[in-house]
Amino acid sequence: MNTKFKSYYNSPLGKIIIVTDNASVCGVYFDNQKYMPENLEDYEINDNILAINEVKNWLDKYFEGKNPSVKKLSIKLIGSEFKLLVWSVLKTIPYGKTLTYGEIAQMLSKKMNKEKMSARAVGSAVGHNPISIIIPCHRVLGKNNKITGYAGGIDKKIELLKLEGINVNN
């Protein structure tokens, strides 16, 4: 049985929806962000799932300004081979640091033995990251370190970067 469950977390930046398949977390979304699961209203609310409670504890620590480890979280990423590759790079961006879409494209072109990689394609994959905050797509900036797009909203991206001590006044 492939039942999905959801729970809500009230963050300082608004409501967050945590989605699980009962064993692993498959989604962490700001309420009303772009690219959410289509039938989210059909998911059963369940606040007694270990994976969900681990994410809530992680988020508590994160919003207290700490840098909690993601190693103990049970996360299941579902996406194309390219998206999974991009998301694996996102996981390597340290707390309080950033990369640009172009830098990620360069990294992936080397990894994939390609001459070039589109920063725009990288941006699309970053935007479809289903595990907001924990897989830190908010740490990806545009050309010249410009703060650009975020599925949860630019205002939230700015606040997350500030929380991590990143200068957002450029």
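In what follows, residues are counted from 1 in the order of the sequence shown. This is a predicted model, so every value here is computed, not measured.
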Nearest heavy-atom contact between C26 and P130 is O-CB, 3.7 Å
> Can any side-chain N or O of N46 pair as donor or acceptor with the backbone N or O of N48 at less than 3.5 Å?
Replying inline: yes
- [ ] Determine, for K4 against E44, whether the closest basic-nitrogen to carboxylate-oxygen distance falls under 4.0 angstrom.
- [x] no
Smallest heavy-atom separation, A151 atom then G127 atom, equals CB-O, 3.6 Å
Would the distance check show the side chain of K6 and the main-chain N or O of L40 forming a donor-acceptor pair, the cut-off being under 3.5 Å? yes
Residues pairing under side chain to side chain donor-acceptor pair (under 3.5 Å) where one sits in residues 114-135, two or more places apart or in two chains, turn out to be Q33-S132
Donor-acceptor contact below 3.5 Å, side chain E103 vs main chain T100
yes
Taking every heavy atom of Y8 against every heavy atom of I45, the minimum-distance pair comes out as CE1-CD1, 3.7 Å
Q) Does K157 use its side chain to pair, donor to acceptor, with the backbone of G152 at less than 3.5 Å? A) no
Separation between CD1 (I135) and OG1 (T92), nearest 0.5 Å, reads 11.5 Å
Going by the angle between their ring planes, with limits at 30° and 60°, are F63 and Y9 parallel, tilted or perpendicular?
parallel
(request) Using the ring of F30 (Phe, Tyr or Trp, six-membered ring only), decide whether K15 places NZ or CZ under 6.0 Å from its centre and within 45 degrees of its axis. (result) no
From the list I131, V86, V126, side chain to side chain contact (heavy atoms under 4.5 Å, CB included) with C137 holds only for V126
Report task. Verify side-chain hydrogen bond (donor to acceptor under 3.5 Å, both in side chains) between Y62 and E164, making sure each step is shown before the conclusion. Result -> CA-CA 9 Å; Y62 179 83; E164 295 186 21; 2.6 Å; yes
